[in-house]
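Take a look at the structure set out below.
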Amino acid sequence: MTEKQFRLYDSLSRKVKPLITAEPGHLRFYTCGPTVYSYAHIGNFRSFLSADLVVRTALAIGWKVTWVSNITDVGHLTDDDIADATGEDKMEKALRSKEGEQFHNVWELAEYYEAAYREDWKLLNLVEPDVRPKATQHVREQILAAEELIEKGFAYETPTGVYFSVDKFPGYGKLSGNTQESLRKGVRDVVLDENKKDQSDFAIWKKDDKHLMQWFSPYGWGFPGWHIECSVMARAYLGDTIDLHSGGEDNKFPHHECEIAQSESLTGKPFCEHWSHTAFLQVNGQKMSKSLGNFYYVRGLMAKGADPLAIRFALISGVYRKNLNFTDQGLEDAKTNIDRFRRADIAVAEALESGSNGADTVGAELEDLYGQALDAMLSDLNTPIAISKALEGAKIITRETLSLESAKSGERFLNLVNDLLGIVRHPEDMVMVEESKTSTADEARILERIEARKAAKVAKDWGLADSIRQELLNESIVLTDNSDGSVSWSST
RNA sequence: GGUGCCGUGCCCAAGUGGCCUAAGGGGUCGGUCUGCAAAACCGUUAUUCGGCGGUUCGAAUCCGCCCGGCACCUCCA
């Protein structure tokens with residue numbers, strides 16, 4: 001087997017280049033996870049989905065993947081806290097909000113939203129990471145890192161905390177382009193902290209004995225800075241130098257810039273060889289923002305009847321490096337496509353049961369299409385191309401009357417496509433065990449009506465047949481006459 | 001004010017110097033099938049890529065200006 005190259009845009013060198021792993025065939029990958037102070041919205045999931053697709057693509061070419069995706073369960077601050085820590089803590093703020101009333105404390109709140117996040121993760125059919133470390137489980141290492149950075153002269157203590165001295169790290173700004181010079185040029189209201197040596201210095205530890213989550217450190221009571229958590233966790237699970245690090249485009253600066261500065265100062269080695277950032281999702285042409293109140297959540301969309309796989313499909317239907325516009329129409333389009341895969345899946349299952357003898361008429365073509373889909377993914381995750389190839393394959397499967405041999409090829413194709421893109425079916429069939437809103441009594445009545453309509457059809461009483469169909473339609477029950485004369489129904 | 005990204009048919013969205021007289025999906029319209037529907041299948045739908053100039057034998061793709069949208073600029077994926 002020839003070695004496949006996985007080409008991926010690298011935000012650091014600003015070009016598409018092969019993803020190189022330190023250990024051949026083993027990708028060590030870190031993804032910045034959410035702060036669990038609220039439900040993760042579909043914008044969050046868009047960036048997690050990019051990471052998921054990287055993992056799936058790597059697995060598809062036979063790589064081993066060690067994937068770490070953290071959970072930020074320390075609140076940090078909502079506002080600029082440079083001066084005096086008046087910025088509110090996100091978790092504390094959430095606790096005081098209306099939704100927060102149900103929780104006794106921040107820990108409970110974090111636990112609740114973490115569980116919700118994991119549920120949504122599964123619903124959208126993302127691959128499970130190997131490790132999901134939590135910031136609060138690694139506070140000790142974060143304190144040790146702070147001490148070591150002070151010892152090595154990269155950080156210093158002030159009355160308000162421990163700060164990283166940006167001037168000590170010449171490469172600061174290489175990822176985001178926000179070098180010291182360009183930062184100084186930008187005129188912006190910045191709260192001044194006269195204790196800091198440079199206004200660009202960032203917090204590794206915040207002193208605060210009023211904080212709802214606090215730990216004791218050599219600097220007294222307080223809590224760790226946001227950036228140090230990822231530096232520490234990446235190192236703990238993946239080593240000093242990792243192959244790939246991903247996150248949303250907003251993470252690039254300051255978060256990832258600061259991670260690089262801290263980690264490389266700590267180890268003296270390159271922190272990460274390849275950086276990947278996902279562009280923001282827009283909703284109905286607008287930015288998702290609190291002020292516009294247009295946040296979409298997985299559970300909210302599902303409550304309105306959305307199929308989670310369709311949500312997934314809609315979120316990966318554009319290339320990850322460009323803004324994608326999420327609309328209701330887009331979700332409907334996605335649903336139509338997901339149904340195509342489902343039908344192909346069913347056609348294959350049926351043909352595997354009762355397929356006729358005969359040659360495999362689709363195998364070669366399907367194999368070719370899968371190859372093209374995989375190539376598209378290997379080419380900087382070109383999901384639109386990959387999806388179009390997958391759809392072509394599904395079309396071929398549904399079009400033909402499948403022989404047993406063809407069905408086997410179809411099954412192989414759909415399995416491969418599902419492994420690569422996750423849009424054919426859920427692994428555990430957890431999908432909608434259709435909480436049948438219809439009771440068995442209802443069901444008996446519906447079946448009785450269907451029989452009545454059949455009788456009317458035999459009698460060629462089309463008026464009666466149609467009125468029965470309409471009657472059921474009024475109850476949101478759709479009848480479908482199949483080509484073999486049977487009738488199926490579904491409630492919408 | 002600084003930095004970066006983007007603008008493709010009715011909608012979503014690939015393509016980033018010649019294989020583009022521009023993928024794929026949705027929708028539309030026409031057809032096959034079916035009592036009629038639905039589904040499925042076949043065909044149709046951009047001489048054109050925000051505007052204006054320029055470079056080139058050749059541009060949606062490169063350059064300039066303009067218009068429009070987005071992101072980051074110290075803790076929002």
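Residue numbers begin at 1 in each chain, while the letters A, B, ... track the order of the sequences.
- For the C1' atom pair drawn from B:rA71 and B:rC29, the interatomic distance equals 40 Å after rounding to whole Å.
- Remark: the separation of the P atoms in B:rG58 and B:rA23 is 24 Å, to the nearest Å.
- Contact between the side-chain N/O atoms of A:R340 and the OP1/OP2 oxygens of B:rA39 is not found at any separation under 4.0 Å.
- A straight line from CD1 of A:I387 to C1' of B:rG26 spans 13 Å, rounded to a whole angstrom.
- Residue contacts shown for A:L324 are limited to sugar-phosphate atoms, with no base heavy atom under 4.0 Å away.
- Between A:F280 and B:rA71, no base-stacking contact is recorded for ring centres under 5.5 Å apart and planes less than 30° from parallel.
- When each of A:I385 and A:E392 is assigned the nucleotide of RNA chain B with its nearest heavy atom, A:I385 is the one assigned upstream, toward the 5' end.
- Atom C1' of nucleotide B:rA14 and atom CG of A:D380 are separated by 13 Å, given to the nearest angstrom.
- Across B:rC73 and B:rG15, the matching P atoms stand 27 Å from one another, rounded to whole Å.
- Ring centroid separation for the pair A:Y39 and A:Y113 comes in under the 6.0 Å cut-off.
- Among the protein residues, A:K389 comes within range of no part of the nucleic acid, since none of its heavy atoms lies under 4.0 Å from any strand.
- If you take CG of A:N323 and P of B:rU8, they are 12 Å apart, rounded to a whole angstrom.
- Taking for each of A:E249 and A:H41 the nucleotide of RNA chain B with the nearest heavy atom, the 5'-most of the two is the partner of A:E249.
- Between B:rG68 and B:rG51, the distance separating the two P atoms is 15 Å to the nearest Å.
- Paired runs in RNA chain B that reach 3 or more consecutive Watson-Crick or G-U pairs, where each pair keeps both distances under 3.5 Å, cover B:1-7 with B:67-73, B:10-12 with B:24-26, B:29-32 with B:40-43, B:50-54 with B:62-66.
- Between the CD atom of A:E257 and the C1' atom of B:rU3 there is a distance of 12 Å, given to the nearest Å.
- The side-chain tip of A:K197 does not point at the ring of A:Y163 from less than 6.0 angstrom away and within 45° of straight on.
- No option in A:R321, A:H256, A:K252 other than A:H256 meets the side-chain hydrogen bond (donor to acceptor under 3.5 Å, both in side chains) test with A:H277.
- Contact annotation for A:R46: no contact, since no heavy-atom pair falls under 4.0 Å across all strands.
- Using a 4.0 Å cut-off, some side-chain N or O of A:K322 falls inside it from OP1 or OP2 of B:rA14.
- Separating the P atom of B:rU44 from that of B:rU34 is a span of 24 Å, rounded to the nearest Å.
- Between A:R299 and A:D120 there is a salt bridge, since a side-chain N of the basic residue sits under 4.0 Å from a carboxylate O of the acidic one.
- Aromatic rings of A:F48 and A:W121 (six-membered ring for Trp) have centroids within the 6.0 Å cut-off, being under it.
- For B:rA13 and B:rG27, the C1' atoms lie 14 Å apart once the distance is rounded to whole Å.
- Checking B:rC41, B:rA14, B:rU74 against the side-chain heavy atoms of A:P254 singles out B:rU74 as nearest.
- If you measure from atom CH2 of A:W462 to atom C1' of B:rC36, you get 8 Å, rounded to the nearest angstrom.
- One interatomic measurement links the two molecules: CG of A:D328 to C1' of B:rG27, which rounds to 16 Å at whole-angstrom precision.
- Atom C1' of B:rC11 sits at a distance of 22 Å from the matching atom of B:rU47, rounded to the whole Å.
- Remark: the A:R469 side chain and the B:rA37 base include a donor-acceptor N/O pair separated by less than 3.5 Å.
- Other residues, nucleotides and ligands place more than 12 heavy atoms under 6.0 Å from the CD atom of A:Q372.
- Counting non-hydrogen atoms of neighbouring residues, nucleotides and ligands closer than 6.0 angstrom, the CD atom of A:E471 exceeds 12 such neighbours.
- Residue A:D466 places a side-chain atom within donor-acceptor reach of the base of B:rG35, judged by atom type and a 3.5 Å distance cut-off alone.
- When the C1' atom of B:rA40 is taken as reference, atom CZ of A:F341 falls 16 Å away, rounded to whole Å.
- Inspection of the A:Q214 and A:D208 side chains reveals no N or O donor paired with an N or O acceptor under 3.5 Å.
- Residue contacts for A:H277: at a heavy-atom cut-off of 4.0 Å it reaches no nucleic acid atom on any strand shown.
- When heavy atoms are screened at a 4.0 angstrom cut-off, A:G318 is found touching the sugar-phosphate backbone but no base atom.
- Between the CG atom of A:N325 and the P atom of B:rA14 there is a distance of 12 Å, rounded to whole Å.
- When heavy atoms are screened at a 4.0 angstrom cut-off, A:D250 is found touching base atoms of the nucleic acid.
- Residue side chain A:N337 does not reach the base of B:rG25 through any donor-acceptor N/O pair under 3.5 Å, judged by distance alone.
- No side-chain donor-acceptor contact under 3.5 Å links A:S246 and A:S276.
- The side chain of A:K395 places no N or O atom within less than 4.0 Å of a non-bridging phosphate oxygen (OP1 or OP2) of B:rA40.
- The gap from the P atom of B:rU8 to that of B:rU55 amounts to 27 Å, rounded to the nearest Å.
- Residue contacts shown for A:R321 are absent, as no nucleic acid heavy atom lies under 4.0 Å away.
- Separating the CD atom in A:E119 from the CD atom in A:E114 is a distance of 11.5 Å, to the nearest 0.5 Å.
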